[in-house]
Amino acid sequence: MIELKNNECCGCGACVNVCPKNCISMKVDAEGFEYPSVDKTSCINCGLCEKVCPINKQEPLRSNKPNTYAAKIKDDTIRNLSSSGGIFSILANEILSKCGVVYGVALSDDLKQAQHIRVDNTEDIYKLRGSKYLQSKTGNIFNQVKSDLEDNKQVLFSGVPCQINGLKLFLRKEYENLLTVEVICHGVPSPALWLKYFDYLETKYNAKIQKVNFREKRNGWKTFGLTEDGDNISQYLNLHHDPYMQMFLRNYCLRPSCYDCVAKKLESMADLTIADFWGIQNVAPEMDDDKGTSLVLVQTKKGEKILDSLKEQFVSKKVDFDDGIKSNISYWKSCDKPNERNYFFDDMNTMSFSDLQAKYCKPIRRSLIKRGIGKAKLILKHILRGVEHSNTSTQFEYGLLIQMTRDSE
């Protein structure tokens, strides 16, 4: 029977999917995170839930240095719609061209939650592009993946490392027709906080949110502001000004397990690791056109083989592994837990969002950093993670775009 403390469970859902008696379900706690709940009257103590739990996996520890590339798709239209270099879209389209299926994270129709979905046509790939700064619900998705694999379909599964690990342990054997792609993860923020922010914006502007883009490039990476055009409202704030992103990057609202992530300690179980190539201007400036470049780590021969077969669709440069992850420390290091985390969620559940913002999103002046004041230095280090090696970097100037429509009177 699965028994984990809340600061251990990553919420991948592998235990739910493997249970032969369907006696495990995910329940939401006061912080908004899902945890497994076991109906002990139905449990037969088969132990499968414990065998597939990625938190129980303790080896091998991370030591390899995979081949590392800076890469960007040649199709600028797709790259502009992607978080970084658009490499995921190339991989997804390749799997779909072979009548395969792609699993990834999409926002729900009402934009209030993130969830893993199955895509079997190129028209729906757009749903999986771009970052979603929410923990996705996996539901019964691992069982769907297994069914497709057993039907000999080509399958691409993308997710954060703990989800990849949960899937691979759930499957309990290697499938040649499975390609796994993990995304380097800073940590997952509370879905409950997103709902609070969502409701705050709709109330503030008396409008219904129609579209959300957590990594908007269209208005420039340094532009932020609010524009109104009749009944249409568009709010764009870069990460230094958006309160939701600030709470996320200051680590106040992360899942407890993210402060000591097991997946970051172990060898990757994915075929490919992708991320934004923070620090690209220092490592491979010729690959930096300020439109987004992907960091790609090749973890397996399968991953190398598919990348090589698609090389005509993207531009790439091999770089040193240590240089590649120098500004992407989330690959191997868990984020620090701030003292404010101990009471942030009590405030979230009792304060209005505007009061929460006033308390937790106070500006941090760079002058404080220069004078070496400890607390401010620590917080800004998190916010500027990846930029600390270059004051000229513009690649952290992405922002959150929320489009709303006000009902006509």
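All values below come from the heavy atoms of this structure, side chains included, with hydrogens, waters and symmetry mates left out.
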Between [atom1] of [X] and [atom2] of [Y], what distance do you get to the nearest 0.5 Å?
| X | Y | atom1 | atom2 | result |
| --- | --- | --- | --- | --- |
| Lys21 | Ser42 | NZ | OG | 7.0 Å |
| Leu297 | Thr68 | CG | OG1 | 4.5 Å |
| Gln313 | Leu91 | CD | CG | 9.0 Å |
| Leu169 | Ile164 | CG | CD1 | 11.5 Å |
| Glu50 | Asn56 | CD | CG | 6.5 Å |
| Lys196 | Ser352 | NZ | OG | 7.0 Å |

Salt bridge present between [X] and [Y] (N-O < 4.0 angstrom):
| X | Y | answer |
| --- | --- | --- |
| Arg118 | Asp148 | yes |
| Glu94 | Lys98 | yes |
| Lys291 | Asp288 | no |

Please report the shortest heavy-atom distance between [X] and [Y], naming the atom on each side.
| X | Y | answer |
| --- | --- | --- |
| Asn7 | Pro256 | CA-CB, 3.6 Å |
| Asp271 | Leu178 | OD2-O, 3.6 Å |
| Phe321 | Lys65 | CD2-CG, 3.4 Å |
| Cys162 | Cys10 | CB-SG, 3.7 Å |
| Lys317 | Ala284 | CD-CB, 4.0 Å |
| Asp75 | Thr77 | OD1-N, 3.0 Å |

I'd like to know if the side chain of [X] reaches the main chain of [Y], judged simply by a donor and an acceptor atom lying under 3.5 Å from each other, with no hydrogens or angles considered.
| X | Y | value |
| --- | --- | --- |
| Lys265 | Pro60 | no |
| Asn17 | Gly13 | yes |
| Asn328 | Asp276 | yes |
| Asp347 | Met351 | no |
| Arg255 | Glu34 | yes |
| Lys112 | Asp109 | no |
| Ser147 | Gln144 | no |
| Lys72 | Ser294 | no |
| Ser82 | Ser84 | no |
| Arg79 | Thr293 | no |

request  = Given side chain to side chain contact (heavy atoms under 4.5 Å, CB included), test Val262 with Lys57 step by step and report yes or no.
outcome  = CA-CA 8 Å; Val262 171; Lys57 179 176 169 57; 5.8 Å; no
inquiry  = With side-chain hydrogen bond (donor to acceptor under 3.5 Å, both in side chains) as the criterion, how do Ser25 and Ser37 come out once you've worked through the C-alpha distance, each side chain's angles and the decisive distance to 0.1 Å?
reply    = CA-CA 5 Å; Ser25 59; Ser37 175; 4.8 Å; no
Chi angles and distances behind the side chain to side chain contact (heavy atoms under 4.5 Å, CB included) call for Met269, Thr180 = CA-CA 8 Å; Met269 296 181 72; Thr180 52; over 6 Å; no
query = Please walk me through it: do Gln299 and Thr273 pass side-chain hydrogen bond (donor to acceptor under 3.5 Å, both in side chains)?
reply = CA-CA 7 Å; Gln299 306 288 358; Thr273 302; 2.9 Å; yes
request  = Go through the side-chain N and O atoms of Thr138 and Gln163 and say whether any donor and acceptor fall under 3.5 Å apart.
outcome  =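 Checked: Thr138/Gln163 side chains show no N/O donor-acceptor pair below 3.5 Å.
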query = Is it the case that Gln246 and Tyr252 place a side-chain donor and acceptor less than 3.5 Å from each other?
reply =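 No - no donor-acceptor pair under 3.5 Å links their side chains.
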message = Which label fits Tyr197 and Tyr244: parallel for a plane angle under 30°, tilted from 30 to 60°, or perpendicular past 60°?
response =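 Rings of Tyr197 and Tyr244: parallel, as their planes differ by under 30°.
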request  = Assign the ring pair Phe142 / Phe170 to parallel, tilted or perpendicular, where the plane angle (0 to 90°) is split at 30° and 60°.
outcome  =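 If you compare the ring of Phe142 with that of Phe170, the planes turn out tilted.
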task = Show your working on side chain to side chain contact (heavy atoms under 4.5 Å, CB included) between Glu267 and Asn64 and close with a plain yes or no.
result = CA-CA 7 Å; Glu267 293 286 20; Asn64 71 323; 2.3 Å; yes
task = Decide side chain to side chain contact (heavy atoms under 4.5 Å, CB included) for Cys49 and Cys19; before the verdict, give the C-alpha distance in whole Å, the side-chain angles of both, and the deciding distance to 0.1 Å.
result = CA-CA 6 Å; Cys49 54; Cys19 180; 6.0 Å; no
message = Would you say the rings of Phe248 and His186 are close, in the sense that their centroids are separated by under 6.0 Å?
response =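 They qualify: ring centres under 6.0 Å apart.
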Atom [atom1] of [X] with >12 non-hydrogen neighbours under 6.0 angstrom:
| X | atom1 | answer |
| --- | --- | --- |
| Glu59 | CD | no |
| Glu150 | CD | yes |
| Lys311 | NZ | no |

Taking the side chain as every heavy atom from C-beta outward, state whether [X] and [Y] have any pair of such atoms under 4.5 Å apart.
| X | Y | value |
| --- | --- | --- |
| Arg341 | Asn251 | no |
| Phe33 | Phe345 | yes |
| Phe277 | Ile325 | no |

Chi angles and distances behind the side-chain hydrogen bond (donor to acceptor under 3.5 Å, both in side chains) call for Ser89, Arg129 = CA-CA 7 Å; Ser89 292; Arg129 289 194 190 106; 2.7 Å; yes
Contact list for residues 98-125, test ring pair (Phe, Tyr, Trp, His ring centres under 6.0 Å), sequence neighbours left out =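 Matches after skipping sequence neighbours: His116-Phe157.
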